[in-house]
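Keep in mind that what you see is a predicted model, and the values were worked out from it rather than measured. First listed ligand is number 1; within each ligand, the first listed atom is number 1. Note that these values count all heavy atoms, side chains included, but never hydrogens, waters or copies made by symmetry.
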Amino acid sequence: MSKVRTRFAPSPTGRMHVGNLRSALYEFLIAKHEDGDFMLRIEDTDQERFVEGAVDIIYRTLEKTGLKHDEGPDKDGGYGPYVQSERMKTGIYMKYAKELVEKGEAYYCFCDKERLSSLKTEVVEGKEIMLYDKHCLHLSKEEVEANLAAGKPFVIRQNIPNEGTTTFHDELYGDITVENAELDDMILIKSDGYPTYNFANVVDDHTMNITHVVRGNEYLSSSPKYQRLYDAFGWESPVYIHLPLITDENHKKLSKRSGHSSFEDLLEQGFLTEAVVNYIALLGWSPEDNREIFTLDELIKEFDYHRISKSPAVFDYTKLKWMNGEYIKAMDFDAFYEMAEPYLKETIKKDLDLKKIAAMVKTRIEVFPDIAEHIDFFEELPEYDISMYTHKKMKTNAETSLEVLKDVLPLLEAQEDFSNDALYATLLKYVEEKGVKNGYVMWPIRTAVSGKQMTPGGATELMEVLGKEESIARIKKGIELLQA
Ligand code: GLU
C-alpha cells in the first residue's frame, strides 16, 4: 500500500472553529498512526470569504497544538504550490476543467444572473438550491467558441445526467447511492477564473496524492458529485471519512453563539491547549476502553479511525472544564505559576506571597479565571454574616466562636513565628488543652480570617500568607462582629 498522506485544508475565513481543529487533529493522527505525511493546504479560492490574518491563525494553531505538518506552503514536499490561489496561477484547474469539457463531463455556461435568478429553486436540507436547467449544455461548439472569443463571462459546470445513480463509499457510512437527478450541475470554475471548492478539492487531493480525506459531514451530500469527477478522470478516489456534526448542549450545531466554538475562544477562557486537544479528540472518537486522558503521542498510538462514531458529538463545556482541571493538577508547578501569575496579580495588589497562594489553588481550579473567586479574600476581607460561624459538624456557633477567637487572640499576638507549621503547633496545643475537636477551633479562625465558607487552604495556611498584622486585625474584626 502507498504511504498514507492526509491533508488539513482550511479556508482562511477567521477563527479556528472547533470542528476544523478536530478535522486537522484526526487527519494528523491518521497520518502519524501509519507513519505517513500530514500536509497543510490553504483553500483560499473563495475571495469573498477571505479574512485578513486568518492564515496566521492557521499556522499558530497548528504550532501551538503540536499538529506539525510535514508539508505546506512553508515546507515544500514536492507537491506545491500549497495555496490554492497560487495553484490556480499554474493553470492546473483550468487544464483539468477543459479535459472534462472534452470528455463531455463538463460544459461552458454563459447564463447571466438574470436568467439564473429566473430558474426554479428547491429546498434541500434547509438550503435553497437551484437546479440548473442545462440550458448551455445545448450550445453548439461554434456558439461556445464565439462567446469565448467575444469575451463573454462564463463558468464551467459539471455535466450530471438526469438518469441513473451514483455511488460512493465512506468509511463510516458505507456505500451511499443517490439519484443523479438530485445532483445539480455544480460550478467547477467560477466567472472570476477561480475554481470552486467542489472542483479544487478533487484536483488537489488527487494531484497531491492524498490517501485519506477527513472532513465534516456537511460535505457528505456533495461527495457523489466529487466521485463522478474522480470517475470521469479515471482517478482512484481517496478514502472518505466524514465526521459527525458537533453540537452544543441543546443539540444545535455548535456555532459562534455558544461562545466557545473556536480554539481562540477556548484559550481566551483560560483553557490549556493540551486539554482542548485531548477533549476534541473525543468529539466523535473513543478508544476501546473508557480512557479519557491522552497526550498527543498517546493519541497517535491509539487512534483507529474505524472507531469514529456517526452520531453527533455534543460539546460538553462542563466536561471540558473538568478535563482542564485534571491537566492543571498534573502540571509542573513552575509552568502552572507562569500561567497563573497574571490572574493572581489581577486580584491581589498587596505584597503577598503569590507562589504560596498559587500552590493552594492549583488543585482547586478548572480554568485559570476561576482563580479570582478562590483568592479575592486575601486582598480584602469581604463582608460576611456571622451565621457563617455556625457549623453543625464542627459543633460551633456564634458563642463558641467568640470564646475561641478571644482565647487565641493573645496566643497569636505572642506568636513570633507566623509560619503555617508553627501556627498549627500553637493552635493544636490550645485544642488539646481545651479538649475539643480541631474544627471547633479552626473553623471560627478560618471564617474570621477569610470571611468565606470555602477557602483554598486551612486557617493556619491562610494566616501564614496574610501575615501577623492582617491576621490579627481580622480576628479582632471577627470578635467585634460576634460581640455586636
Ligand atoms: N476548505 C474546506 C473547509 O474549510 C475544506 C474541507 C475539506 O477538508 O475538504 O471547510
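With sequence neighbours excluded, the residues satisfying ring pair (Phe, Tyr, Trp, His ring centres under 6.0 Å) with Tyr108 are Phe154. Judged as a side-chain contact (heavy atoms from CB on, under 4.5 Å), and not counting sequence neighbours, the contacts of Ser261 are His17, Leu254, Lys256, Ser258, Asp265. Residues satisfying the side-chain contact (heavy atoms from CB on, under 4.5 Å) test with Asp351, not counting sequence neighbours, are none.
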Identify the protein atoms, limited to N or O, that lie within less than 3.5 Å of an N or O atom of ligand 1, and list each pair with its distance to 0.1 Å.
residue  : atom   : partner : partner atom : Å
ligand 1 : 1 (N)  : Ala9    : O            : 2.8
ligand 1 : 1 (N)  : Ser11   : OG           : 2.8
ligand 1 : 1 (N)  : Glu43   : OE1          : 2.6
ligand 1 : 4 (O)  : Ser11   : N            : 3.4
ligand 1 : 4 (O)  : Ser11   : OG           : 3.4
ligand 1 : 8 (O)  : Arg7    : NH1          : 2.9
ligand 1 : 9 (O)  : Arg7    : NH2          : 2.7
ligand 1 : 9 (O)  : Tyr197  : OH           : 2.5
ligand 1 : 10 (O) : Tyr219  : OH           : 2.6

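Between Arg364 and Asp370 there is no salt bridge, since no side-chain nitrogen of the basic residue lies less than 4.0 Å from a carboxylate oxygen of the acidic one. Between Asp44 and Arg87 there is no salt bridge, since no side-chain nitrogen of the basic residue lies less than 4.0 Å from a carboxylate oxygen of the acidic one.
Here the two rings, on Phe28 and Phe303, have centers that are 6.0 Å apart or farther.
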